[in-house]
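Below you'll find the structure I mean.
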Amino acid sequence: MALRNIRTGEEPCLRKICKEVPEMTDRTKQLIGDLLDTMYEAQGVGLAAPQVGILKRIAVVDIGEGPIVMINPVVVETAESQTGMEGCLSIPGKQGQVTRPAYAKVSCLNEDMEPVEIEGRDLLARAMLHEIDHLDGKLYLDIIEGPLEDVETEED
Ligand code: ZN
């Protein structure tokens, strides 16, 4: 378990197409653990491998209902739509309005390389779709509606 540096801004790793994961290795297990640790430390709801500079199709999500590990995820179904503010650990301190499906079904492998399907609504759908976009070099900035805003921080 270790924290990794989250890449920010226009670093090239955030704009690459990531490679499929063919098998589980000790290095990949370590990476998944590190992604979770780094996501929790940064108080995010999701983190994708390219955000720590690793161009593999792996992302983790936790919207407060426990960790979800997605390896080689594919979006197999979407429905309806939701519009709301979205942020990204690679674009710190900013947020913007993004419209995405309100429901998504994702087919992927879990950390044991077993095929699983994950259904998500609302925030979970948004988080999964946001993270899967990262694996194809896409950022929410590409689909933002309106201005990029500063996140208002609470001050005591
Ligand atoms: Zn992001």
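All values reported here derive from a predicted model rather than from experimental measurement. Both counts, for ligands and for their atoms, begin at 1 and track the order of listing. Position 1 is the first residue of the sequence; numbering continues from there.
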**Request:** May I ask you to list the residues sharing a hydrophobic cluster with Ile17, side-chain cutoff 4.5 Å, ordered by chain and number?
**Result:** none
**Request:** Applying side-chain contact (heavy atoms from CB on, under 4.5 Å), run through Arg126 and Val45 and close with a yes or a no.
**Result:** CA-CA 10 Å; Arg126 179 182 291 283; Val45 297; over 6 Å; no
**Prompt:** Can you pull the salt bridge (Lys or Arg N to Asp or Glu O under 4.0 Å) pairs that have at least one residue in residues 46-61, sequence neighbours excluded?
**Reply:** Arg57-Asp136
**Complete:** Here the Zn ion (ligand 1) sees protein N, O or S atoms within less than 2.8 Å, and their number is 3
**Item:** Pairwise distance OG1(Thr38) to CG(Leu89) - rounded to 0.5 angstrom
**Value:** 9.5 Å
**Request:** Mind jotting down which residue pairs meet the ring pair (Phe, Tyr, Trp, His ring centres under 6.0 Å) criterion with at least one end in residues 10-48? Sequence neighbours excluded, please.
**Result:** none
**Message:** Are there over 12 heavy-atom neighbours, none belonging to Asp142, within less than 6.0 Å of that residue's CG?
**Reply:** yes
